S.K.: 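Handing you a structure now.
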Amino acid sequence: MIKNITDSVKYIGTDDLNLDLFESQYVVPDGMAYNSYLIEDEKIAIMDTTDDATDSAWKENLAEALAGRTPDYLVSLHVEPDHASLIAWALETYPQLKLVASAKAISMLPQFFEGLDLTGRTIAVKEGEELSLGSRSLKFFAAAMIHWPEVMVAFDTKEGLLFSADAFGKFGALSKCGFTSRDDDDWACEARRYYFNICGKYGVQVQNLLKKLSTVDVKTICPLHGPVLVSDLDYYIDLYNTWSSFGVETDGVFIAYASIHGGTAKAAEQLADILKAKGCPKVVCTDLCRSDLAENIEDAFRYGKMVVAASSYDATLFPPMHDFLWHLQIKGYQKRTVAVIENGSWAPSAGRVMREMLSAMKDVTVIDQTLTIKSTPKPADTAALEAIAEALK
């Protein structure tokens with residue numbers, strides 16, 4: 001698929017509709033887009049390549065866009081294989097081509113392309129440096145750990161295009177979710193799941209990048225995944241500011257439960273009903289055993305308050321809850337208020353383990369109001385659920 005973004009910039013990326021798990025862990029029912037671009041000026045620059053799963057389609061797009069011309073530069077903003085698998089091929093195919101990337105990226109490439117000779121073929125760019133293409137320059141900003149250490153983003157000084165690497169990306173093939181933000185009915189849904197699971201830990205680094213980008217007039221955002229953002233940029237940037245500062249996007253309570261025989265589930269659902277009756281603006285109740293972990297991580301970050309309810313298991317914690325909390329910890333979960341409900345038929349242990357795991361997270365407040373269920377919730381437990389709801393509403 002080739003699309004004109006402007007008269008001088010073409011989209012030459014690819015869709016992978018056969019992919020089931022992005023990074024071998026994230027469900028992508030609508031596939032994945034690997035975005036790549038071609039800038040036409042006095043010099044011609046290729047902006048990133050693609051994943052080897054779509055190499056044939058990308059080569060065809062590139063050849064059609066070039067129409068017999070020879071590219072001068074290949075700019076690699078991110079050397080993760082889904083964007084850089086065709087670097088060696090491009091350098092071999094176009095002997096005059098110069099690879100433009102950060103010094104860190106250049107040093108990493110031999111890890112992916114053993115024996116690749118880069119002698120005289122590279123231009124290492126630093127923070128604030130510019131590469132002239134003729135009537136425009138590409139100005140580079142370091143974006144380390146968004147979400148790899150070598151990442152750069154590039155700003156087109158003539159037309160205001162930001163080539164943002166993995167930032168502002170989302171799950172989904174463009175043939176499914178739309179080529180531009182105007183075509184995308186619900187960008188935030190899969191962009192949020194993408195952000196918190198891929199980049200979420202690195203909020204400080206994202207904040208630093210947003211500050212740098214505030215110094216230039218961005219008119220269009222061209223990410224490496226997902227639609228090209230062409231309008232209402234303040235909306236997307238504001239969301240990224242909220243997400244990366246670990247702010248609360250939606251006022252409400254996320255209830256995550258892991259139930260073995262249904263007793264814990266009943267307590268969680270009863271609490272959800274009580275919260276709604278008390279006027280809580282939004283209540284989301286999720287069964288961790290039967291739902292997508294990445295979506296649950298997304299919801300935990302989206303809302304300012306959370307309830308974790310789980311069964312005890314082998315004198316510790318039921319594994320689906322342990323896995324959920326461990327993922328929250330490694331993704332940098334913070335600045336939230338949490339309530340704990342445990343279930344234990346003879347020796348409750350879940351509450352202790354959940355509190356220990358939550359205590360390892362930054363600025364997470366575990367409220368005093370709690371409940372221990374013995375197998376199934378009883379009428380006498382309602383008062384404790386009311387107290388939890390009152391503290392969270």
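Here the structure is a predicted model, which means the values were calculated and not measured. Counting from 1, the numbers follow the sequence of the chain as shown.
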S.K.: For the backbone of A256 and the side chain of T286, can you confirm whether one donor and one acceptor N or O come within less than 3.5 Å of each other?
M.R.: no
S.K.: Do any N or O atoms from the side chain of D292 and from the backbone of E295 form a donor-acceptor pair under 3.5 angstrom?
M.R.: yes
S.K.: Taking atom types as modelled and ignoring hydrogens, do the side chains of T49 and W58 form a donor-acceptor contact shorter than 3.5 angstrom?
M.R.: no
S.K.: Hey, does the side chain of S36 reach the backbone of G13 with a donor-acceptor pair shorter than 3.5 angstrom?
M.R.: no
S.K.: Are any of the side-chain heavy atoms of V28 and D20 separated by less than 4.5 Å?
M.R.: no
S.K.: Would a distance-only check, ignoring hydrogens and angles, find a side-chain to backbone donor-acceptor pair under 3.5 Å from T122 to L99?
M.R.: no
S.K.: Is the closest side-chain donor-acceptor distance between T54 and D51 under 3.5 Å?
M.R.: no
S.K.: Could you check whether E269 pairs with K266 (Lys NZ or Arg NE/NH1/NH2 to Asp/Glu carboxylate O, under 4.0 Å)?
M.R.: no
S.K.: Checking side-chain polar atoms at under 3.5 Å, does T242 have a donor or acceptor matched by the opposite partner on E249?
M.R.: no
S.K.: Is a side-chain donor-acceptor pair under 3.5 Å present for Y37 with D48?
M.R.: no
S.K.: Are the side chain of K378 and the backbone N or O of T376 linked by a donor-acceptor pair below 3.5 Å?
M.R.: yes
S.K.: Could you tell me whether Q111 atom CD has more than 12 heavy atoms of other residues or ligands within 6.0 Å of it?
M.R.: yes
S.K.: Are I46 and I87 connected in the hydrophobic side-chain network, where two residues link if heavy atoms are under 4.5 Å apart?
M.R.: yes
S.K.: Show, in sequence, the C-alpha distance, side-chain angles and deciding distance for K335 and D363, and conclude whether the salt bridge (Lys or Arg N to Asp or Glu O under 4.0 Å) test is met.
M.R.: CA-CA 5 Å; K335 299 182 181 178; D363 295 334; over 6 Å; no
S.K.: Going by side-chain hydrogen bond (donor to acceptor under 3.5 Å, both in side chains), name the residues that satisfy it together with D217, two or more places apart in sequence or in a different chain.
M.R.: K219
S.K.: Under 3.5 Å, is there a donor-acceptor pair between the H147 and Q205 side chains?
M.R.: no
S.K.: State, without any angle test, whether T157 and R136 hold a side-chain donor-acceptor pair at a distance under 3.5 Å.
M.R.: no
S.K.: Going by heavy atoms in the side chains, are D166 and W148 under 4.5 Å from each other?
M.R.: no
S.K.: Knowing that exactly one of Y194, F168, Y26 qualifies, which makes a ring-ring contact (aromatic ring centres under 6.0 Å, His included) with H225?
M.R.: Y194
S.K.: With the threshold set at 4.0 Å, does a side-chain nitrogen-carboxylate oxygen contact exist between K139 and E129?
M.R.: no
S.K.: Between the side chain of R336 and the main-chain N/O of F301, is any donor-acceptor distance below 3.5 Å?
M.R.: yes
S.K.: Please assess E42 against L133 for the test side chain to side chain contact (heavy atoms under 4.5 Å, CB included), listing each intermediate value before the final yes or no.
M.R.: CA-CA 6 Å; E42 293 174 26; L133 300 180; over 6 Å; no
S.K.: Have S135 and K158 got a donor and an acceptor in their side chains that come within less than 3.5 Å?
M.R.: yes
S.K.: Would you please name every residue forming a side-chain contact (heavy atoms from CB on, under 4.5 Å) with A191, sequence neighbours left out?
M.R.: K170, W187, W243
S.K.: Check the surroundings of atom NZ in K3: do more than 12 heavy atoms from other residues, nucleotides or ligands lie under 6.0 Å from it?
M.R.: no
S.K.: Could you list all the side chain to side chain donor-acceptor pair (under 3.5 Å) pairs where at least one residue sits in residues 348-358, not counting sequence neighbours?
M.R.: R355-T370
S.K.: Is a side-chain donor-acceptor pair under 3.5 Å present for Q207 with N241?
M.R.: yes
S.K.: Answer yes if the side chains of E150 and S102 hold a donor-acceptor pair under 3.5 Å, and no otherwise.
M.R.: no
S.K.: Are I221 and I5 linked, directly or through other ILVMFWY residues, by side chains that come within less than 4.5 angstrom of each other?
M.R.: no
S.K.: Show every side chain to side chain donor-acceptor pair (under 3.5 Å) that has at least one partner inside residues 316-331, sequence neighbours left out.
M.R.: D323-H327
S.K.: Within the 3.5 Å criterion, strictly below it, is a donor on S8 or E40 matched to an acceptor on the partner's side chain?
M.R.: no
S.K.: List for me each residue that meets side-chain contact (heavy atoms from CB on, under 4.5 Å) alongside C189, sequence neighbours excluded, and say none if there are none.
M.R.: D186
S.K.: Can you check whether F155 and F141 have ring centres sitting under 6.0 Å from each other?
M.R.: no
S.K.: Is D287 salt-bridged to R290, going by a charged N under 4.0 Å from an acidic O?
M.R.: yes
S.K.: Can you name the side-chain hydrogen bond (donor to acceptor under 3.5 Å, both in side chains) partners of D15, sequence neighbours left out?
M.R.: S175
S.K.: Just checking, is any N or O donor in the side chain of Q270 or T382 under 3.5 Å from an acceptor N or O on the other one?
M.R.: yes
S.K.: If you measure only the distance, is there a donor-acceptor pair under 3.5 Å linking the side chains of S311 and T264?
M.R.: yes
